[in-house]
Amino acid sequence: MSACATARATDPTRTKNIHQSPSPPPPPNGRFRIAGADLSASIAVFLIALPLSLGIALATGAPLQAGLVAAAVGGLVAGRLGGSPLQVSGPAAGLTVVTADLIHRYGWRTTCAITVLAGVAQLGLGCLRVARTALAVSPAIVHGMLAGIGVTIAVAQLHIVLGGTPESSVLDNLRALPAQVAGPHPAAVSVGVLTLTLLLLWPRVPGRAGRLLRTVPAALVAVAGATAVASLTGLTVPRVELPSWSSHALAGLPEGPVLGIAAAVLTTTLVCSVQSLLGAVAVDKLVSARPGLTTRVGRSDLDRELLGQGTANVVSGALGGLPVAGVAVRSSANVNAGAVSRNSTLLHGVLVVAAALLMVPLLELIPLAALAALVMSVGIQMVSLHHIRTVTRHREVLVYVVTTLGVVLFGVLQGVILGVAVAVAVAMHRLARTRITHEEKEGAHHIHVRGQLTFLAVPRLSRALHLVPHGTRAVVRLDGSFMDHAAYESLQDWQKTHTAQGGTVELTDRRTGVRDSAHDDGSRPAEGVTTPNGTSTRTGPETDPDADTTSHAGTTAPARPTTPGPDAAPNTPPTACRCRPWTPWRNHHCAHPPSARPTTHPADTGTTTGTGTGAGTGAGAETTDTPTDPTAPGTPTTHTPTTPTTPTTPAAPTTPRSPASEPSSVQQLARGISAFQRDTAPLVRGELARLAREGQRPSQLFLTCADSRLVTSMITSSGPGDLFVVRNVGNLVPPPGRESGDDSVAAAIEYAVEVLKVRSITVCGHSGCGAMQALLSSEPGGARTPLTRWLRHGRPSVARMADEGRPWARLSGRAPADAVEQLCLTNVVQQLEHLRAHESVARALRDGALELHGMYFHVGEAQAYLLAGAGGSEVFDHVEAAERPR
């Protein structure tokens, strides 16, 4: 059950298509079905898109019909061809400033031609598969660009709300604003204020009524309310004018200077592409975080998204529409409304077309001041306080401010270019800024390097190093994560010279303290410092997994020259854990130095195997067959050696490690998590991200004991998302019923069968189970503790074993070792019967959708057994080791 797809494909014992999606099967060919969630989501998106499309067209100075054309094309073309199933495209506020400037300079028909050319450029970029390159743009630049566009939109639309006409630039609008405020148009101001009030208050209506009312988008309520008030009161305000579609202007040949047209195409392409690609990534995050997601929604294909957006811009520009891009407001509304496929986006486009053809009389009642107030609120929201806090936390405020001011004062393309230049300068400054200090304390000379070590810092590093007198102890602390070739050679040369003259050098880093100590043999860079060859050096106590430093006689073998073994790191604290994944361990007390390593005396533990040491339980190390479980305190331990003894190599008795040298549980936990983040997380992050997006779809429910020695993922070779695991004391399945049932286990079973649709349930017992020992040794009428009350669910297993009329469960090839092992086997069979009594399990069994399996794991032998039959033949068969796939 590995997470590797190739391993699954080559495993002949696994059932095909074991990870089928729980979503409903696709409809038969020739039939088009629409999920109810997609239909309701499309209506919600349409109600938002309609007023916003008109408002953005008004803000750009384009024909109002151009906004409807772009919305329809974005839904139908980009929605069908794009790579993000739930992203909704259309005229975006982020393109308002760009489009308004193009219309002012070149006219509407040339602007449409520029939109077509920008779409062609997007198609070319999509064919080159460079979509992910856009994600390399600093978020501070993107947020600054959006903030600058938002300021520009808000200032321009404020003039329309006040009853005036906006100018072509932000500075002109700011200069004309005082005169506009001094002489406002009362009717337009009233409509604008009413629209903004409804936009602000509608999402905040309290109570149950508020929850119902909020299902209607605030944008629709604000525009509809302002329109109704203006119509009923007879206010004289400019309204929407939609000329006949027969006179709608289409794209023409571009007219203007070639360089100007090329810059316009580049700007439109850049803004459309970056906004759409970042929007697709944001939609993926919204989908993965959506609660209750049961239908699989595919992850965005960014190259396909770029192709879809390019096609939509070609079509929109040719039909006389605004430039098209992914829109965050509509996309988030689509996801939050529960859309499950791209059908919601397509339907929203169909509704826009229907509205443009059938609702013209209603649309012409909308006051322009209401649309301007709506777009002004969108512009204000584009200056996000959350984004400002984010860039402040990452020390990129300068990039954000420069980009914002550049967009406001000079334009979008110029502002973005300024932002990129400042971002590069900031990055170079951070790379080149290195603080090097020297001080003498406690008889040692300390050199502290803060920042990255590049060739620019070599002169200062050399001056600081030569302040260290010959023959003294030096400690060099590196707080950076990068060292280029020049700095590396400079440090190495000084280090060799200093140690050759009798001095000592210790390299440290800020995370782990002393990592390397060198005398006359040279030294190595500190751990975590990236060397010129691109590798990260690790010279601390973590051993190479291939370097086995323990001999068969319990003595220490020579370590490899380049990697010090566990016994060759005198500077490491005795409590440091040195194991890497799948190296020998014992409760995380692994490979301690000789002074701290406990060696077990034969008189205390029985016979020691020929290849074991007290440091771990690796291959051939000492094992115990039936140790007691924590659930049965006071039960004596039975030791059964599983490997031949070697009397000639007994372990030497030593004094056990004192409790003071033991690491605390918090330290063990932190070390384990740190090792996971370093070694394992990079390998599984992609798979876990997929599971986070798609939700869990395990193939089976695995019900086993809480014993700490039973590692389910290890003995089943399963990965994240493969098993739905339930663990309890004794791997018990309480039978259903008010008196004897247990809601916790029953709930897990019901959830796994009814919701997760697992195809098998496995009950796994194990050797040396403390719960089974407790059942055998318990006396009637004893104390009623939580443990004894829980173990009553295991009494049917004891009764089954005592029933002479039933065949005993047994292992193939040998008889059970003792009564405890016999009860462990019988208990698995009995708990399977309890499982069949649960209604959800019985129903799934009748339908042939579920299988039940029994399993027994012998801890000392590391051997698994599977139940071959039930009822008449209760035999657990030995599971052979499969050959490794070639």
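None of these values were measured; they are calculated from a predicted model.
Between D877 and L866, the closest side-chain pair of non-hydrogen atoms is not below 4.5 Å. Two residues are said to be in side-chain contact when any heavy atoms from C-beta on lie closer than 4.5 Å; N827 and V798 fail this criterion. The shortest side-chain heavy-atom distance between R671 and S674 does not fall under the 4.5 Å cut-off. Side-chain contact between N728 and W790 is present, with heavy atoms from C-beta onward closer than 4.5 Å. In this structure, the side chains of L775 and S797 stay at 4.5 Å or more apart for every pair of heavy atoms. Residues D722 and P698 are not in side-chain contact: their nearest non-hydrogen atoms beyond the backbone lie 4.5 Å or more apart. Considering only heavy atoms from C-beta on, L756 comes within 4.5 Å of Q696 through its side chain.
Rounded to the nearest 0.5 angstrom, H858 NE2 and L811 CG are separated by 8.0 Å. Separating the NE2 atom in H834 from the CD1 atom in I749 is a distance of 11.0 Å, to the nearest 0.5 Å. Distance check, rounded to the nearest 0.5 Å: CG of L688 to CZ of R693 gives 11.0 Å. Between K757 atom NZ and L850 atom CG the span is 11.0 Å, to the nearest 0.5 Å. Between atom CG of residue L723 and atom OG1 of residue T716 there is a gap of 4.5 Å, rounded to the nearest 0.5 Å. Rounded to the nearest 0.5 Å, atoms SG (C824) and CD (Q773) are 7.5 Å apart.
By the 30° and 60° cut-offs, the orientation of the rings of F876 relative to Y856 is perpendicular. Taking the six-membered ring where tryptophan is involved, the planes of Y865 and H878 are perpendicular, since the angle between them exceeds 60° and thus also 30°.
Distance alone, capped at 3.5 Å, places no donor-acceptor pair between the Q830 side chain and the R800 backbone. In this structure, R727 contributes its side chain and D707 its backbone to a donor-acceptor pair below 3.5 Å. In this structure, the side chain of R678 does not engage the main chain of A675 through any donor-acceptor pair within 3.5 Å. Put simply, the side chain of D847 never gets that close to the backbone of A844: no donor and acceptor are under 3.5 Å apart. No side-chain donor-acceptor contact under 3.5 Å links E874 to the backbone of R810.
Each of V820, V859, L825 was checked for a side-chain contact (heavy atoms from CB on, under 4.5 Å) with S767, and the lone residue meeting it is V859.
Across every non-hydrogen atom of A748 and V726, the tightest pair is CB-CG2, 3.6 Å. In terms of heavy atoms, P734 sits closest to H838 at O-NE2, 3.1 Å. Annotation for E821 and A815: closest pair OE1-O, 4.5 Å, computed over non-hydrogen atoms. The two residues E750 and S840 make their nearest non-hydrogen contact at CA-OG, 4.0 Å. What you find for A809 and P816 is that their closest heavy atoms are O-CG, 4.3 Å. C769 approaches G730 most closely through the heavy-atom pair SG-CA, 4.2 Å.
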query = Can you list the steps and then say if L852 with V841 is a side-chain contact (heavy atoms from CB on, under 4.5 Å)?
reply = CA-CA 9 Å; L852 301 184; V841 175; 4.2 Å; yes
request  = Determine, step by step, whether F702 and C764 satisfy the side-chain contact (heavy atoms from CB on, under 4.5 Å) criterion, reporting the C-alpha distance in whole Å, the side-chain angles of both residues, the deciding distance to 0.1 Å, and the verdict.
outcome  = CA-CA 7 Å; F702 199 84; C764 178; 3.6 Å; yes
task = Take L867 and H853 through the side-chain contact (heavy atoms from CB on, under 4.5 Å) test and state the conclusion after the steps.
result = CA-CA 7 Å; L867 182 62; H853 303 288; over 6 Å; no
task = For the pair L732 and Q831, evaluate side-chain contact (heavy atoms from CB on, under 4.5 Å) and give the outcome as yes or no after the intermediate values.
result = CA-CA 6 Å; L732 301 178; Q831 301 312 313; 3.7 Å; yes
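Under the 4.0 Å criterion applied to side-chain N and carboxylate O atoms, D803 and R806 are assigned as salt-bridge partners. Comment: R690 engages E687 in a salt bridge, judged by a side-chain N to carboxylate O separation of less than 4.0 angstrom.
Residues T762 and Q700 bring a donor and an acceptor atom of their side chains to less than 3.5 Å of each other. Side chains of T826 and Q822: a donor on one and an acceptor on the other come within 3.5 Å.
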